Amino acid sequence: ALLIPRPVPIAPLIADAPASPAPNVLWVVLDTVRVDHTGPGGYDRATTPRLAALAAEGVTFERAYSTASWTLPAHASMFTGLSPTRHGCHDQTLRLGDTPPTVAERLSEAGYTTALLSSNPWVGADTGLGRGFGHILDAWRWPLSASFLPVSALLRPWRGEDKGAHLMAPAARRWLDQRPEDRPFFLVVNLMEAHDPYHELATEHLWRFTDNSDAVRSSREYSRALKAPGSLPNPSPEAGRDLVDLYDAGITADDATLGALLDELAARGLLESTLVIVTADHGESLGDAGRWGHHATPDEEVIRVPLVMRLPSALPAGARVDAPVSLVDLTPTVLDLLPEGLIAPMDGLDGRSVLPLLASGAPWPVFAEVLPPDATHARGRLTLMGYDPDTFRWQVVIHDGDRLTRGPNGDVLERVGAPDEAQGLDEAARAAQLGALLDAQGGVVGGYPGVVEVHQMPARLGARARQRARRLE
């Protein structure tokens, strides 16, 4: 009990419980998990048995994409249904302003009780992403800062030191015990055991895929190189295998926590009436095209993410959707699954409900973008990669089976669909068609006043939190 903090109340509920039945919502974000390292993504390692079982009972979206290459803008897109340039929470601001409404705010107004359990310093009240949550648990403050406690110090050699996963299920249990039972709940959980540093895992997961005693050393050296100014990580082939093994072990740790959360709901008789959403904010480059980490480029392994939804009363079991969808589509989908009239519409969203795709509805284009970073070390890394940090920007559009990437070196078309897709257009015509979509998307910016003009880390983060957050960019 000493190591399980109580959620911090930050805002009262402001509405009565809904008059008609409404589903609970459990929304789990597997921070930094790329889809092709999961069971639903076809991975040959058993990294996600619980996610795979959930997918068998729900809907798998095979081509889900993030709007960004790192945590802060991607979570803001999930919570607002807006692209980074429209919600204004990205590398140039580092905070979500007060104006764009969030799904948590809308659900609170409709009578939901809400909570955010976060392992990531970028996801919480300090960055504006906590708006609308009645309780927030900054789990990331505990696993490292608690290490000075005598009990924790004694346990570390046996348990290891994770990034907050060991707190999540107990914290969720405590919050569920205390919540009003006559209200539906909205619970968001961010898990980041797969994030660098890969070796910061509980011992039970650390050696899941390797017995190489040098793996932890490889991970520590990689982490130092990833964050050191004036360098790019370049692990040896053997060290690279170590990193993949530990990254996969982190995914397994996340999956175990997901399972504990699902088991808790099942034990309370709540699982069948709960919409479960499992996704990721972004993925990770693991030596693909010689790149490591994320944030700098919108490569497929960085922006393509897992997405599974389960709600037995509304979603078909075992369905798979191959049309592209985006993280901006999650908020409108949640609202679409609520009883009609329960919640006021959120107008002007970039996202759409994905429910029509279950009935073979026509797909729509999805977009991602990477903006120039403000941090000095990140700008230095771009220079080492051969980019000008002052003009650096990436835009991506995915439509049907095709992807167009607009970056510092111009437009690049990738055709991954069947040859007869996109009306049989040749490459030049298809590139022009997708380029026009990017041009139109680039003109749809703004619309929400009050974007915070901060070009530094939010002041409410303490020195330790700032250091931790910078490590996670």
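Everything numeric here is computed off the predicted structure, so don't read it as measured data.
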(message) Would Trp70 and Val370 count as a side-chain contact (heavy atoms from CB on, under 4.5 Å) here? Give the steps.
(response) CA-CA 9 Å; Trp70 71 292; Val370 179; over 6 Å; no
(request) Output yes when a side-chain donor or acceptor of Lys163 lies under 3.5 Å from a complementary backbone atom of Leu201, and no otherwise. (result) no
(message) If you apply the rule side-chain contact (heavy atoms from CB on, under 4.5 Å), what do you find for Leu246 with Phe209, and how did you get there?
(response) CA-CA 7 Å; Leu246 296 182; Phe209 297 112; over 6 Å; no
(message) Does any part of the side chain of Leu342, heavy atoms only, come nearer than 4.5 Å to the side chain of Pro339, both counted from C-beta?
(response) yes
(request) Find out whether Leu26 and Leu270 are in side-chain contact, i.e. whether some heavy atom of one side chain is under 4.5 Å from a heavy atom of the other. (result) no
(request) Report yes if the side chains of Arg310 and Glu272 come closer than 4.5 Å at any heavy-atom pair, otherwise no. (result) yes
(message) Checking Glu301 now: which residues fulfil salt bridge (Lys or Arg N to Asp or Glu O under 4.0 Å) with it, not counting sequence neighbours?
(response) none
(message) What's the separation between atom OG1 in Thr114 and atom CZ in Phe133, rounded to the nearest 0.5 Å?
(response) 6.5 Å
(request) State, with a plain yes or no, whether a side-chain heavy atom of Val308 is found less than 4.5 Å away from one of Leu51. (result) yes
(request) Could you verify whether a donor N or O on one side chain and an acceptor N or O on the other, from Tyr43 and Asp248, lie under 3.5 Å apart? (result) yes
(request) Please round to the nearest 0.5 Å and tell me the distance separating atom CG of Leu258 and atom CE of Met168. (result) 12.5 Å
(request) Just jot down the side chain to side chain donor-acceptor pair (under 3.5 Å) partners of Tyr247, sequence neighbours excluded, or say none. (result) none
(request) Say whether, by atom type as modelled, one donor and one acceptor occur between the side chain of Arg220 and the main chain of Pro197 under 3.5 angstrom. (result) no
(request) Please identify each residue that fulfils side-chain contact (heavy atoms from CB on, under 4.5 Å) with Ala172, with sequence neighbours left out. (result) Leu117, Leu187, Leu261
(message) Using every non-hydrogen atom in the two residues, find where Leu30 and Ala280 come nearest and quote the distance to one decimal.
(response) O-CB, 3.1 Å
(message) Test your reading of the model: is there a side-chain donor-acceptor pair from Thr80 to the backbone of Thr102, 3.5 Å cut-off?
(response) no
(message) Minimum heavy-atom separation for Asp299 and Ser285, please, with both atom names.
(response) OD2-OG, 3.9 Å
(message) Give me the atom names and distance for the closest heavy-atom approach of Val302 to Thr297.
(response) CG1-O, 3.6 Å
(request) Assess whether side-chain contact (heavy atoms from CB on, under 4.5 Å) is satisfied between Val278 and Leu307, documenting all intermediate values. (result) CA-CA 6 Å; Val278 183; Leu307 177 57; over 6 Å; no
(request) Take Met346 and Arg106 through the side-chain contact (heavy atoms from CB on, under 4.5 Å) test and state the conclusion after the steps. (result) CA-CA 8 Å; Met346 293 176 66; Arg106 287 291 186 260; 3.6 Å; yes
(request) Output all residues satisfying side-chain contact (heavy atoms from CB on, under 4.5 Å) with Ala314, sequence neighbours left out; order by chain, then residue number. (result) Leu311, Leu337
(request) Scan for salt bridge (Lys or Arg N to Asp or Glu O under 4.0 Å) pairs involving residues 326-339, sequence neighbours excluded, and state none if there are none. (result) none
(request) Indicate yes or no for a side-chain donor-acceptor contact from Thr48 to the backbone of Gly39 under 3.5 Å, with no hydrogens or angles considered. (result) yes
(request) With the side chain counted from C-beta on, respond yes when Val29 and Leu191 share a heavy-atom pair under 4.5 Å apart, and no when they do not. (result) no
(message) Can you give me the closest heavy-atom contact between Gly240 and Pro235, atom names plus distance?
(response) N-CB, 4.1 Å
(message) Can you tell me how far apart OG (Ser69) and CD1 (Ile303) are? Round to the nearest 0.5 Å.
(response) 8.5 Å
(message) For residues 251-265, which residue pairs pass the salt bridge (Lys or Arg N to Asp or Glu O under 4.0 Å) check, not counting sequence neighbours?
(response) Arg50-Asp263, Arg173-Glu264, Glu264-Arg268
(message) Given Val305, which partner from the list Val33, Val35, Thr279 fulfils the side-chain contact (heavy atoms from CB on, under 4.5 Å) test?
(response) Thr279
(request) Kindly compute the distance separating CG (Leu94) from CG (Leu72), expressed to the nearest 0.5 Å. (result) 6.5 Å
(request) Would you indicate whether the side-chain heavy atoms of Pro365 and Ile398 approach each other to under 4.5 Å? (result) no
(request) Determine yes or no for a side-chain-to-main-chain donor-acceptor pair under 3.5 angstrom, with His87 supplying the side chain and Pro73 the backbone. (result) yes
(request) Describe, in one word, how the ring planes of Trp27 and Phe186 are oriented to each other, choosing from parallel (under 30°), tilted (30 to 60°) and perpendicular (over 60°). (result) perpendicular
(request) Verify, without hydrogens or angle tests, whether Thr405 (side chain) and Val396 (backbone) share a donor-acceptor contact under 3.5 angstrom. (result) no
(request) Please identify each residue that fulfils ring pair (Phe, Tyr, Trp, His ring centres under 6.0 Å) with Tyr222, with sequence neighbours left out. (result) Tyr198, Trp292
(request) May I ask you to decide if Leu327's main-chain N or O and Ser77's side chain share a donor-acceptor pair within less than 3.5 Å? (result) no
(request) Assess the side chains of Asn190 and Asn120: does a donor N or O sit below 3.5 Å from an acceptor N or O? (result) no
(request) Answer yes or no: is there a donor N or O on one side and an acceptor on the other, between the side chain of Thr333 and the main chain of Val354, under 3.5 Å? (result) yes
(message) For Gly88, is there any backbone N or O sitting under 3.5 Å from a side-chain donor or acceptor partner on Thr93?
(response) yes
(request) With sequence neighbours excluded, tell me which residues meet side chain to side chain donor-acceptor pair (under 3.5 Å) with Asp245. (result) Arg45
(request) For residues 276-286, pull every pair meeting salt bridge (Lys or Arg N to Asp or Glu O under 4.0 Å), keeping only residues two or more places apart or in separate chains. (result) none
(request) Evaluate the side-chain proximity of Phe79 to Arg131: yes if any heavy-atom separation is below 4.5 Å, no if none is. (result) no
(request) Heavy atoms only: give me the nearest His282-Ser66 pair and the separation to one decimal. (result) CA-CB, 4.5 Å
(message) Could you check whether any side-chain heavy atom of Thr274 comes within less than 4.5 Å of a side-chain heavy atom of Val25, counting everything from C-beta outward?
(response) no
(request) Please list all pairs passing the salt bridge (Lys or Arg N to Asp or Glu O under 4.0 Å) test where one or both residues lie in residues 111-125, with sequence neighbours left out. (result) none
(request) First locate atom CG of Leu82, then atom SG of Cys89, and finally report the distance between them rounded to the nearest 0.5 Å. (result) 11.0 Å
(request) Please confirm whether the backbone N or O of Thr85 pairs with a side-chain atom of Glu369, one donor and one acceptor, at under 3.5 Å? (result) yes
(message) Going by the rule side chain to side chain donor-acceptor pair (under 3.5 Å), which residues pair with Thr257 if we only count those two or more places apart in sequence or in a different chain?
(response) none
(message) Can you list everything that forms a side chain to side chain donor-acceptor pair (under 3.5 Å) with His205? Sequence neighbours excluded, please.
(response) none
(request) Could you tell me which non-hydrogen atom of Thr113 sits nearest to which non-hydrogen atom of Pro180, and how far apart they are? (result) OG1-CD, 4.2 Å
(message) I need the Arg304 CZ to Asp36 CG distance, nearest 0.5 Å.
(response) 8.0 Å
